[in-house]
Amino acid sequence: MNVNFWLIQAFNGISYGALLFLVGSGLSLIFGVMRIVNLSHGSYFLLGGYVALTVIWTTGSWALSIPVAALAIGAIGLVMERVFLRPLGFDPLRQVLLTVGFAFLFQQAALDIWTGNNFDINPPEMLTKTVHVGTLFLPLYRIFMIATAAVVGLVLWLAMEKTRIGAQVRATVDDAQMARGVGIDTSRISMFIFALGAFLAALGGVIGGAFLGIYPGLDFEILPLAFAVVIIGGMGSLGGAAIGALLVGLADNFGKALFPEVSYFTLYAPMAVILAVKPTGLFGRE
């Protein structure tokens, strides 16, 4: 285990964390703003990949598949929030039962439409090359994943910190009842955040499709990791989602490389320690 080994594993962990940020940031906002335990969030990731595959098969354009898949799944999330989740109110048990039911429905729909075969989303040839940095050969696609997550994170931060709607979102996270009292339409904010969360998860599904592949069961594999990101970072915090995704990505990668027999322990043990010290997560608030 020379220096190159540690650098490569760190790079792989950061790139995987970048992918988890796309999934976890939307889930964190849904948790923070709406207090919804959305167990169908992993399905948005899976469906985003499948819709992207359909666009690529139809048009041959990988670039077009990204916005089409993200917007389509964002629209599904919006309808799901308006029609099904909104009437439930804030009952956690009903939320869990409804969203896990949707997760199974989405999984069965994916099997019926796209079969149970494993697929890969092939990016453009230019992104399949490697970059030579010192003594390391780094896959360009992983660099693209990190850059995409950084751009998305920056845009989200600017939107949340520098715009009027961002201020309304932050007010809703802090105190929804007070936000309604000063005239903020928290219902519209919740609809926007849920659609945004689905959009980001689908975006992660398209980008992650070339990294993880697209196959039945991927939704339930990515969901616990997304929740780990949210729990570590804290509900409603984009900065927390970024730090949580980075920690989960590094823990998962180093755990599998160094201790494959107990890789789940190395992944979830830090989460347990953080919760023992700070139950609201690193950047969460009561």
Side-chain angles (χ1 to χ4, degrees), residues 15-30 36 38-81 99-100 102-124 127 141-142 144-149 151-153 155-156 192-227 229-230 241 245:
S15 61
Y16 189 38
L19 177 62
L20 293 178
F21 171 74
L22 295 177
V23 187
S25 58
L27 184 61
S28 177
L29 290 175
I30 290 173
I36 288 179
N38 183 19
L39 296 182
S40 63
H41 198 75
S43 299
Y44 301 149
F45 182 91
L46 179 66
L47 292 177
Y50 276 130
V51 172
L53 280 171
T54 302
V55 174
I56 293 171
W57 292 338
T58 305
T59 67
S61 174
W62 175 81
L64 179 63
S65 71
I66 297 177
V68 170
L71 290 172
I73 304 306
I76 290 176
L78 188 149
V79 172
M80 183 175 164
E81 191 275 337
T99 55
V100 78
F102 266 105
F104 284 113
L105 286 175
F106 288 144
Q107 187 180 72
Q108 185 60 50
L111 281 172
D112 293 339
I113 297 171
W114 290 283
T115 75
N117 296 325
N118 293 0
F119 297 105
D120 289 318
I121 297 178
N122 296 319
L127 290 178
Y141 191 78
R142 286 181 178 263
F144 166 76
M145 290 168 56
I146 296 172
T148 300
V151 170
V152 169
V155 170
L156 287 175
F192 166 74
I193 289 299
F194 201 92
L196 177 62
F199 177 95
L200 291 172
L203 178 63
V206 180
I207 294 175
F211 173 60
L212 300 173
I214 301 296
Y215 53 89
L218 177 62
D219 46 349
F220 287 110
E221 290 181 14
I222 205 72
L223 183 63
L225 297 174
F227 272 106
V229 169
V230 174

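Heads up: numbering here begins at 1 and tracks the sequence.
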Can you tell me how far CG of Leu53 sits from OG1 of Thr58, rounded to the nearest 0.5 angstrom?
-> 10.5 Å
Min side-chain heavy-atom separation Met145-Tyr16 under 4.5 Å | no
Side chains of Thr59 and Val68: does their closest heavy-atom pair fall under 4.5 Å?
-> no
If you look at every heavy atom in Gly204 and Leu22, which pair is closest and at what distance?
-> CA-CD1, 3.9 Å
Minimum heavy-atom separation for Tyr44 to Gly77, with atom names?
-> OH-CA, 4.1 Å
Can you see which heavy atom on Tyr141 is nearest to which on Pro123, and at what distance?
-> CE1-CB, 3.6 Å
Of all heavy-atom pairs between Val206 and Gly48, which one has the smallest distance, and what is that distance?
-> CG2-O, 3.5 Å
Kindly indicate, with the supporting measurements, whether the criterion side chain to side chain contact (heavy atoms under 4.5 Å, CB included) is fulfilled by Val23 and Leu225.
-> CA-CA 9 Å; Val23 187; Leu225 297 174; over 6 Å; no
Does the side chain of Glu221 come within less than 4.5 Å of Phe45's, by heavy atoms?
-> no
Report yes or no: does Thr99 contribute a side-chain atom to a donor-acceptor pair with the main-chain N or O of Leu39 at less than 3.5 Å?
-> yes
Are any of the side-chain heavy atoms of Asn117 and Pro216 separated by less than 4.5 Å?
-> no
Kindly compute the distance separating CD1 (Ile193) from CD1 (Ile36), expressed to the nearest 0.5 Å.
-> 11.5 Å
Separation between CG of Leu29 and CZ of Phe194, rounded to the nearest 0.5 Å | 12.5 Å
Measuring from Ser43:OG to Ile222:CD1, what's the distance to the nearest 0.5 Å?
-> 12.0 Å
Just by modelled atom types, is the Ser25 backbone N or O under 3.5 Å from a matching donor or acceptor in the Ser28 side chain?
-> no
Is the backbone of Asn122 close enough, under 3.5 Å, to the side chain of Asp120 for a donor and an acceptor to pair up by distance?
-> no
What are the two closest heavy atoms between Ile146 and Ala18, and how far apart are they?
-> CA-CB, 3.8 Å
Side-chain heavy atoms of Ile56 within contact of Leu64, under 4.5 Å = no
Which pair of heavy atoms, one from His41 and one from Gly26, lies closest together, and at what distance?
-> CE1-C, 4.2 Å
Could you point out which residue of Ile214, Leu46, Leu47 forms a side chain to side chain contact (heavy atoms under 4.5 Å, CB included) with Trp114?
-> Leu47
To the nearest 0.5 Å, what is the distance between OG (Ser40) and CZ (Phe104)?
-> 11.5 Å
Parallel, tilted or perpendicular: which fits the ring planes of Trp57 and Phe119, with parallel below 30° and perpendicular above 60°?
-> perpendicular
Would you mind reporting whether Leu200 and Leu156 have side-chain heavy atoms less than 4.5 Å apart?
-> yes
Verify side chain to side chain contact (heavy atoms under 4.5 Å, CB included) between Phe227 and Leu27, making sure each step is shown before the conclusion.
-> CA-CA 8 Å; Phe227 272 106; Leu27 184 61; 4.1 Å; yes
Going by heavy atoms in the side chains, are Phe199 and Leu71 under 4.5 Å from each other?
-> yes
Taking Tyr50 for the side chain and Leu111 for the main chain, is one N or O donor matched with an acceptor at less than 3.5 Å?
-> no
